[in-house]
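Just below is one structure, and these are the notes that go with it.
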Amino acid sequence: MSDQQKVDDLDEDAARAELERLARRLAEANRAYHRDDAPVMSDAEFDALRARNAAIEARFPALRRDDSPSRQVGAAPAEGFGKIRHEVRMLSLENAFEADDVAEFVARIRRYLGLPAEAPLAFTAEPKIDGLSLSLRYEGGVLVQAATRGDGETGENVTENARTITDIPARLRGAPDLLPDLLPDLLPDLLEVRGEVYMSHADFAALNERQAGAGAKTFANPRNAAAGSLRQLDPAITAARPLRFFAYGWGKLSAPLADSQSGALSRLAELGFATNPEMRRCEGLDAMLATYRAIEQRRATLGYDIDGVVYKLDDLALQDRLGFRSTTPRWAIAHKFPAELAWTRLRAIDIQVGRTGALSPVARLDPVTVGGVVVSNATLHNEDYIAGRDAKGAPIREGRDIRPGDWVQVYRAGDVIPKIADVDLSRRKNDAQVYVFPQECPECGSPALREPGDAVRRCTGGLICPAQAVERLKHFVSRAAFDIEGLGAKQVEAFWRDGWIREPADIFTLQERYGSGLKQLKNREGWGAKSAENLFAAIAEKRRIPLNRLIFALGIRHVGEAAAQLLASHYATWPAFEAAVTAAAPDTPEREDLLSIDGVGAVMAASLTQAFANPAERASIDRLVAHLEVEPVRRRAPVESPVAGKTVVFTGTLERMTRAEAKARAEALGAKVAGSVSARTDLLVAGPGAGSKAKKAAELGIETLDEDGWLALIGAG
Ligand code: IVH
């Protein structure tokens with residue numbers, strides 16, 4: 001049977017015949033499954049045939065048939081990778097761009113730990129690899145699972161693909177072949193190794209040459225090539241793409257690897273991992289910056305892309321004390337290399353209308369390569385930026401404005417959207433016209449206004465503006481909001497265009513309206529019985545939604561992910577949140593309570609009350625919530641401490657710690673930290689220069705401590 005013949009052994013004629021056979025068999029299986037409800041093969045068999053088809057196409061891209069199963073969307077059984085929840089979250093790094101930022105990072109750590117400036121403090125410095133992170137799980141010394149980072153909480157299961165990477169040991173060095181319970185003491189039972197998958201420059205060039213020769217898609221840069229190769233459904237394709245891996249850290253461990261970062265890396269190297277040979281242990285800031293410069297100098301000769309240097313505090317006990325902010329560790333920072341620049345011509349300025357009505361100018365550029373990526377669009381921020389002034393009216397670019405037809409300098413800093421830094425007036429045509437920013441929404445024609453103090457001009461059309469409505473829906477289904485599998489920006493746009501979905505509530509009646517009857521989702525182009533069923537199931541699954549996600553999903557201006565989390569923790573349930581925000585008109589106790597949340601200011605509070613007071617918006621929210629079961633916030637297990645459950649306010653200058661550190665510590669001890677004093681405050685910690693808050697606390701008879709008193713109270717004095 002040709003099924004047995006290895007893809008690598010096929011010649012072109014055999015491949016062509018095999019692709020034809022697979023197209024026929026899969027089409028037959030599809031019909032049997034979808035039309036006749038009488039499957040002729042198992043899902044696994046079906047998947048295997050599709051994978052074989054994909055592998056042959058990857059080797060012979062020119063032979064890909066018009067009726068290839070790989071061109072068919074939606075008709076196949078669920079494909080893609082399984083999900084894996086990371087036991088220890090995969091975080092990202094704070095960025096530093098200047099030496100000063102690094103100095104501040106070191107100083108902050110000293111302050112946080114209460115270390116004097118002269119106490120020695122060592123860091124590791126190593127290249128920041130421009131690839132994608134991967135978490136490898138070893139049980140009993142054997143690789144059992146590999147997961148991508150995903151959103152940090154949940155990644156994709158790419159175990160089979162990871163097994164094809166030679167830098168990744170299938171078995172830790174020293175692990176016995178048999179009887180894992182005879183594990184030598186030296187090997188941890190459980191070890192999650194984290195690191196970066198990347199592709200070398202040489203391998204990238206060779207891959208692109210092969211792809212181009214075969215008429216297949218080429219990759220923009222090694223990072224994209226590595227990501228595309230790791231996330232192949234067919235491990236055979238991954239195996240054919242030369243990926244590399246550097247280990248730089250760890251997740252869950254059954255026993256510590258060492259007591260220092262550098263020691264742990266040596267240990268990982270002993271266990272069989274590739275670790276970066278450029279890593280240095282540095283005693284203090286000067287040595288760190290010297291290593292940064294040395295690595296930057298060697299950057300072009302390393303043979304792989306790096307985009308900065310990562311510093312990590314070497315002492316693991318101190319790392320532990322410092323802990324984490326919401327998405328980044330306090331003990332590490334990425335010192336990025338300066339952004340790359342390129343000159344190109346600005347063809348035109350287009351206006352995009354966003355979710356909150358913001359009119360955003362977008363530069364359409366002659367394509368140009370910046371830092372390995374072809375750029376043809378860049379943001380121009382707002383009308384002032386185009387005119388050559390900042391939000392306060394002061395000149396930027398020495399007042400040079402930007403006009404269509406100009407030569408402009410484009411830069412990219414990290415993953416962010418490209419920006420325009422400067423304009424070359426010597427190349428400006430005499431007849432270049434000053435750009436006039438529109439005063440009306442280009443999408444709905446409503447007046448576009450600028451409020452005092454706002455750099456942005458906004459469409460006043462609200463929900464009648466189609467651009468705003470669609471953008472809000474896209475936001476609603478986005479990853480940090482409802483995250484509905486199979487319902488992304490593309491699908492939302494298509495459903496909106498056809499009037500199937502006009503507001504979030506419509507998503508939850510989609511099945512009722514298009515699950516049966518004359519017009520059905522499964523008959524839409526690009527959909528089938530299986531994918532329609534999957535979407536309905538994915539939607540049903542999200543009827544139960546955590547409060548913070550719902551608040552964020554509403555897309556209220558100024559209420560981002562972090563604010564949504566704060567609001568959810570404060571109010572705990574939807575009814576409590578809704579009632580409070582509805583009642584929180586200016587000068588009410590509800591408004592005061594809202595403002596007492598540290599991180600909620602006057603602007604956000606006004607935006608929240610406005611949204612809930614607008615009849616159309618409110619009706620739309622009510623229609624949505626009628627379909628949902630909102631999960632209340634689970635309270636963390638109470639911590640035992642003298643300040644647990646107390647509401648604390650910090651004011652004035654703190655001398656032994658920063659405000660952020662004080663807050664983090666108080667919260668870790670179970671206290672609630674508020675931004676303003678109210679009748680609910682239990683304790684005010686007042687440093688020198690405390691003003692109105694101290695006065696108010698005195699009036700309300702609230703206990704007040706100085707910084708030393710506070711530290712003594714929490715046992716840190
Ligand atoms: S340490 C707790 N070290 O950079 C976070 N990350 O911006 C630990 N990366 O997602 C990350 N090289 O994918 C670390 N030497 C290195 C790195 C590195 C590249 C990536 C990693 C991470 C991202 C954070």
Side-chain angles (χ1 to χ4, degrees), residues 86-97 101-102 105 109 123-136 146-156 158 162 165 167-168 192-200 221-224 226-227 230-231 243-253 257 260-262 264-266 268-269 273-282 288 291-292 294-296 298-299 302-314 316 318-337 412-416:
H86 300 298
E87 252 186 88
V88 175
R89 271 207 309 153
M90 290 184 80
L91 298 170
S92 53
L93 290 168
E94 185 193 352
N95 287 328
F97 296 97
D101 302 335
V102 181
F105 162 72
I109 289 181
F123 291 82
T124 59
E126 68 196 294
K128 182 169 191 294
I129 315 296
D130 199 5
L132 60 153
S133 44
L134 189 66
S135 185
L136 305 169
T148 62
R149 172 164 177 243
D151 62 1
E153 305 248 357
T154 312
E156 284 173 327
V158 291
I165 301 176
D167 285 339
I168 296 179
E192 272 181 19
V193 175
R194 293 189 173 165
E196 200 83 351
V197 173
Y198 67 99
M199 193 180 283
S200 75
N221 54 47
R223 207 201 89 84
N224 288 1
L230 183 67
R231 297 185 67 263
L243 293 173
R244 313 290 314 258
F245 179 82
F246 274 130
Y248 58 62
W250 54 92
K252 187 96 179 163
L253 291 176
L257 286 167
S260 68
Q261 179 77 31
S262 47
L265 283 189
S266 307
L268 288 177
F273 292 95
T275 55
N276 197 296
E278 305 295 321
M279 199 273 282
R280 298 284 176 277
R281 186 171 181 279
C282 305
M288 292 157 76
T291 306
Y292 171 84
I295 292 178
E296 188 179 23
R298 295 172 42 71
R299 184 179 184 187
L302 291 176
Y304 48 86
D305 275 354
I306 65 173
D307 57 353
V309 169
V310 182
Y311 307 116
K312 298 171 189 167
L313 189 60
D314 196 38
L316 296 184
L318 296 182
Q319 280 193 9
D320 223 39
R321 271 177 63 194
L322 285 157
F324 302 88
R325 305 178 201 89
S326 63
T327 59
T328 55
R330 290 195 185 85
W331 41 263
I333 199 163
H335 189 179
K336 303 295 280 282
F337 294 135
R412 279 175 69 238
D415 286 341
V416 297

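In listed order, ligands and their atoms are each counted from 1. Only a predicted model underlies this, so the values are computations on that prediction, with no experimental measurement involved.
Close approach of ligand 1 to Leu91 is summarised as follows: ligand atoms under 4.0 Å from at least one heavy atom of the residue are 2 (C), 5 (C), 10 (O). Numbered from 1 in the order shown, with element, the atoms of ligand 1 that lie under 4.0 Å from a heavy atom of Glu196 read 9 (N), 13 (O), 19 (C), 20 (C), 21 (C). The Glu126 neighbourhood of ligand 1 comprises atoms 15 (N), with distances under 4.0 Å to a heavy atom of that residue.
The single protein non-hydrogen atom nearest to atom 22 (C) of ligand 1 is Tyr248 OH, 4.0 Å, given as residue, atom name and distance. Protein heavy atom in closest approach to atom 24 (C) of ligand 1: Leu93 N, 3.5 Å. For atom 15 (N) of ligand 1, the nearest non-hydrogen atom of the protein is Pro127 O, 3.2 Å. Protein heavy atom nearest atom 3 (N) of ligand 1, with residue, atom name and distance: Lys312 NZ, 3.1 Å. Looking from atom 12 (N) of ligand 1 to the surrounding protein, the closest heavy atom is Ile129 N, 3.0 Å.
A salt bridge does not link Lys128 to Glu196: none of the charged side-chain nitrogens sits closer than 4.0 Å to a carboxylate oxygen.
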Under the criterion side-chain hydrogen bond (donor to acceptor under 3.5 Å, both in side chains), I'd like the reasoning laid out for Asp167 against Tyr198: C-alpha separation, chi angles, the key distance, then a yes or no.
CA-CA 11 Å; Asp167 285 339; Tyr198 67 99; 4.7 Å; no
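For the residues Gln319, Lys128, Arg149, Glu94, the heavy atom positioned nearest atom 4 (O) of ligand 1 is part of Lys128.
Within the structure, the closest approach of Pro329 to ligand 1 falls below 4.0 Å when heavy atoms are considered.
Outside the 6.0 Å centre-distance limit, the rings of Tyr292 and Tyr311 are not counted as a close aromatic pair.
A donor and an acceptor atom, one from each side chain of Ser135 and Arg194, are located under 3.5 Å apart.
Within a 6.0 Å sphere centred on CZ of Arg298, heavy atoms belonging to other residues, nucleotides or ligands number 12 at most.
No part of Met90 comes within 4.0 Å of ligand 1, judged by heavy-atom distances.
Looking only at side-chain heavy atoms (C-beta outward), Arg299 and Ile306 come within less than 4.5 Å of each other. The closest side-chain heavy-atom distance from Ile168 to Leu134 is below 4.5 Å. Here the side chains of Val193 and Trp250 are not in contact, with every heavy-atom distance at 4.5 Å or above.
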